[in-house]
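Okay, structure first, notes after.
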Amino acid sequence: MCMMLSVSCGWAQTVWTNLSSYCDNDRLSLTPTEVEFKQDETILHLRVQNSPGGGVGFSGIKLKDENGKIYALKHGDPTRIYEDKCLLGQYNKVPMHGIMNFALHFEPVTNPTTRLHAYTGYGYYDFKMWNIHQVKPMEISLFNSNWRDEKGDWVLGLYESGAVYDSKVYSYEEKSDKKIVLTNGNEKLTIAIGKEKNGKRQFKINNQKLDLECFGAEVPAYPTEDNTAFSTDYTSGEAEISGWIKDFPKEISESEEAFGISVKVQNMFTGELEDYNKATIDKDGKFTIKVKVKGTQSVIFNEFSNKVNVYEVKMILQPGKKYFMVHNWETAKCMFMGEDARLQNELQAFPCKYEWKTSIYVPEKEKSIDSTMTRFNDYIAKNPTLSKRYRDYILQEAQLRVLTNLIRSDNATEAARVASKFAAVNTSLPISLIPALYEYCENKYQDEYSKARQKYTRTPELFLSFEKQGKIQLSDSEREILKKWQQYEKEIDKLRECESQEEMMEKYKKIQDMYPREELNAFFSKEEVSKAYSEWAPSNDQIQKNVIESLFTDQTMRDFCRSLILGKVLQQVKSLPDDYSQLYDDIKNEDFKQQINELKDYYAEQQRQNEEKVKGVIAPNSNVAGLTDGKAIVEKMIEPYKGKIIYMDVWGTWCQPCVQAIKASPTLKDAVKDYDVVYLYFEYGSPESVWKSAIADLNLIKPNYVHYQLPSEQQEAVIKYLKVDGFPSYFLFDKNGNMESLDRGHIGDIDGFKKKIEELSKK
């Protein structure tokens, strides 16, 4: 009777604390803090950290246990309100301190479970919290133990499901508390085990005696100091990671969904993440993966299931080295054995507990680095044997993140003080080591470059001063043009007084015709005007050179900054314009120059492939050659498709909302696939190579797609005729060519869009 009652009632009420989980969302910090299992509900307590003005929504969130059963959300309460009313199913704005706490109430979990997953959908604001489970202290027994030598290195792991020794995984052929025989198919090891004394035992492994100390789920502090420095060799090469994913959940191991491993490496000069995912993984979770690195680099090791990341760990790799790791799913810990293991183990066992803000927003009290430095020094003092490489890496990464945040928050004074006091860039470390260095240098350079360019901005007053100096002669009509330009600038300044975005956009539309664009272009192209300006303003490459030399005194840092600029240009336009040749020639570091050459070759080949992919959907400009009127150009573009419905997307590769909308549009297009719709993409303001690459990357190459990119004068004429007030903009043409504008919100209104297409198809 008691047993029957136990089964029918499910499992006893309990509370999980000391939780571990993985959040698959780069924008948010989502941390489960507690799970309450009750008779009538399960409550997930969750802390959300994000930049103020950002937020989080819980629409459609579900809970899933390890057996695959799904539990729906009942309701939720914010446990801290801070003047903001937080509502489930809506987008909750994060208050100024950046933290909110929620209690999410789900249907009661009835299955005994050791792990949960919480997830929403697949949109931009959605997230997955994977592998929420309670981390318990490791219950140590002989066959659930780890052992290290007098140097502090982990050398032996004994578990019920297998053993680890000499960076290899073994199964048991014989097992007792005095003798073990291990095999991995290639070799056999015999281990004689002595008695435990003061936490130590003597192991005789193939006649080699080892006195080893027992420890728990992670490698403790090493007993002696290590003052080894990082290598500053930037030679490219492969690093190999092998190991064992131990006791990973049955819902992964028995699932038909793809489980895999990848390693993400940030390109030094473009900031892009290169994803290495060609790994060999056997049914027991043993794996090997090879990764190309350029010098000593920090990388992210990922495990994923069905394309969702479920675990990640930071590693520091060097070319030519082999790394061995064991990720224990039961303890939620990762440990390293063998070559270069100490630094990896320190990064796992000693994650800095001080709060060094990594989001864009830096709270006022954190804008001074002094108190944070004090906490860091206190932390190191409590752990005096942490290696030099660990200390240098952690300190440099944190300093760079704080400085980047200060630059982004326009706190240049504090950023300069911090940089001068704490030596922002440690030039003894390899440039390739810390991904945050790319972000810091990019922000610092762009901030100073923008200020330098601002000094040489064309203004009406500048050209009037040229006339006073006798450098140019202005006609009466040219003075009128400059006067019109001055009035336009005054009206633009007044826009700052608008009380709403809507008011600002309305006024902006009204003043656009005031700007004498065509007259000014003709004026700037006059020989004497162009000469006067070029003699007054330094060339772009000279501005770049001056900025770089003012920012950095170290030659390697200057070369890094030059390479970063070139990498960014290559990423954006797929080739190096002529005015960047001097920047390339100024690079002294041959390794950096070689990497830039590799990028040039890569993007040249990518561009060649894209040209081939998109040539069938690019409309020739000859179709509208000679036309200057916007209405005539649009009519000519749609003429071949009369009798069909035409969906026109006015977009730009530089416009993130445009790109995001295109990525979200397949569901919309699929809903009207049975109708004869032509998708006409009119691109505005992008380099040709970038445009073609975007068409290929976004897979806009279907038979009913057509793309136009016209000369700038024709682009402007079309934009003016269509009365485009922002990007993206959308238009529909019926079978007779009659045009109507389409609301931007149609991307999310599939039913409404389908109804509209049905109506047009009947006309």
Side-chain angles (χ1 to χ4, degrees), residues 267-271 407-408 412 438-463 465-466 469 471-472 485 489 515 517 520-589 592-593 595-597 599-600 603-604 607 652-655 684-691 693 711-713 715:
N267 186 289
M268 286 172 60
F269 303 135
T270 66
I407 294 168
R408 285 174 167 177
Y438 172 89
E439 198 172 10
Y440 165 72
C441 286
E442 181 189 30
N443 278 272
K444 190 172 180 64
Y445 169 79
Q446 287 297 341
D447 186 55
E448 293 301 320
Y449 176 71
S450 296
K451 292 175 185 175
R453 290 288 300 174
Q454 192 69 29
K455 297 176 185 177
Y456 305 105
T457 301
R458 291 184 174 95
T459 66
E461 293 73 23
L462 175 65
F463 293 102
S465 72
F466 285 168
Q469 297 168 35
K471 294 182 178 180
I472 61 174
W485 185 11
E489 294 295 341
Y515 185 65
R517 187 185 308 276
L520 281 175
N521 286 338
F523 174 70
F524 294 150
S525 64
K526 283 184 62 176
E527 184 177 352
E528 66 166 345
V529 174
S530 177
K531 181 181 178 183
Y533 178 79
S534 61
E535 288 176 350
W536 173 78
S539 62
N540 185 57
D541 57 356
Q542 187 60 50
I543 294 175
Q544 291 173 330
K545 183 182 180 70
N546 294 343
V547 170
I548 292 169
E549 291 181 354
S550 71
L551 290 176
F552 305 107
T553 57
D554 180 77
Q555 180 62 43
T556 304
M557 280 302 302
R558 286 179 174 177
D559 283 350
F560 175 69
C561 192
R562 293 182 182 109
S563 301
L564 182 153
I565 297 166
L566 295 175
K568 203 69 180 175
V569 171
L570 282 167
Q571 184 185 32
Q572 291 172 346
V573 301
K574 315 306 179 187
S575 61
L576 286 183
D578 292 340
D579 57 350
Y580 285 87
S581 60
Q582 187 59 51
L583 204 64
Y584 175 83
D585 293 339
D586 286 342
I587 298 174
K588 302 293 188 288
N589 188 299
F592 291 180
K593 188 168 278 190
Q595 290 184 47
I596 293 299
N597 289 335
L599 281 174
K600 287 167 66 177
Y603 284 117
Q607 190 60 29
T653 62
W654 43 268
C655 163
Y684 178 83
S686 299
E688 182 181 354
S689 58
V690 179
W691 170 57
S693 293
S712 58
E713 296 82 2
Q715 285 188 17

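Not measured: the values here are computed from a predicted model.
Distance alone, capped at 3.5 Å, is enough to place a donor-acceptor pair between the Ser686 side chain and the Thr653 backbone. Panel note: side chain Asp447, backbone Asn443; no donor-acceptor pair is recorded below 3.5 Å. The backbone N or O of Leu576 sits nowhere less than 3.5 Å from a side-chain atom of Lys600 that would complete a donor-acceptor pair. Looking only at distances, no side-chain donor or acceptor of Lys444 sits under 3.5 Å from a matching main-chain atom of Glu442. The backbone N or O of Leu462 sits less than 3.5 Å from a side-chain atom of Ser465, completing a donor-acceptor pair. Trp654 places a side-chain N or O within 3.5 Å of a backbone atom of Tyr684 that can act as its donor or acceptor partner. Judged by distance alone, with hydrogens and angles left aside, the side-chain atoms of Arg562 form no donor-acceptor pair with the main-chain N or O of Leu583 at under 3.5 Å. At distances below 3.5 Å, not a single donor-acceptor pair connects side-chain atoms of Tyr456 with backbone N or O atoms of Ser539. Formation of a donor-acceptor pair under 3.5 Å by the Asp559 side chain with backbone atoms of Lys588 is found in this model.
Side-chain contact between Trp485 and Phe463: present, with at least one pair of heavy atoms (C-beta onward) separated by less than 4.5 Å. Residues Phe466 and Val529 have side chains not in contact (no heavy-atom distance under 4.5 Å, counting atoms from C-beta outward). Residues Tyr603 and Ser689 fail the side-chain proximity criterion, which asks for heavy atoms closer than 4.5 Å. Side-chain contact between Gln582 and Lys545 is absent, with no heavy-atom pair separated by less than 4.5 Å. Between Leu566 and Ile587 there is a side-chain heavy-atom pair separated by less than 4.5 Å.
In plain terms, the two heavy atoms of Tyr438 and Met268 that are nearest each other are CD1-O, 3.2 Å. Pairing each heavy atom of Thr270 with each of Lys568, the nearest pair is O-NZ, 4.0 Å. In plain terms, the two heavy atoms of Gly685 and Gln715 that are nearest each other are N-OE1, 3.2 Å. When all heavy atoms are compared, the tightest approach of Pro577 to Val569 is CD-CG1, 3.6 Å. In terms of heavy-atom proximity, Val573 sits nearest to Pro687 at CG1-CG, 3.8 Å. In this structure, Leu564 and Cys441 approach most closely via the heavy-atom pair CD1-CB, 4.0 Å.
Atom-to-atom distance recorded for Glu549:CD and Gln555:CD is 9.0 Å, nearest 0.5 angstrom. Here CD of Gln607 is found 8.0 Å from CD of Glu688. Values are rounded to the nearest 0.5 Å. Interatomic distance, Arg558 CZ to Ser550 OG, rounded to the nearest 0.5 Å: 8.5 Å. With values rounded to the nearest 0.5 angstrom, Phe524 atom CZ is found 5.5 Å from Arg458 atom CZ.
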task: Output, in order, the C-alpha distance, side-chain angles, deciding distance and verdict of side chain to side chain contact (heavy atoms under 4.5 Å, CB included) for Val547 and Gln544.
output: CA-CA 5 Å; Val547 170; Gln544 291 173 330; 5.9 Å; no
query: Could you go step by step and tell me if Lys531 and Ile472 meet the side chain to side chain contact (heavy atoms under 4.5 Å, CB included) rule?
result: CA-CA 9 Å; Lys531 181 181 178 183; Ile472 61 174; over 6 Å; no
- prompt: Can Ile548 and Asp586 be said to form a side chain to side chain contact (heavy atoms under 4.5 Å, CB included), step by step?
  reply: CA-CA 11 Å; Ile548 292 169; Asp586 286 342; over 6 Å; no
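Heavy atoms from other residues, nucleotides or ligands lying under 6.0 Å from CD of Gln454 number 12 at most.
The ring-ring contact (aromatic ring centres under 6.0 Å, His included) pairs that include a residue from residues 553-576 are Phe269-Phe560, where partners are two or more places apart or lie in different chains. Residue pairs meeting the salt bridge (Lys or Arg N to Asp or Glu O under 4.0 Å) criterion with at least one member in residues 572-582, sequence neighbours excluded, do not occur.
Donor-acceptor pairing under 3.5 Å is recorded for the side chains of Asn546 and Gln542. A donor atom on one side chain and an acceptor atom on the other are found under 3.5 Å apart for Asn597 and Tyr584.
Between Tyr449 and Tyr445, the ring planes are parallel. Angles under 30° get that label, and only those over 60° would be called perpendicular.
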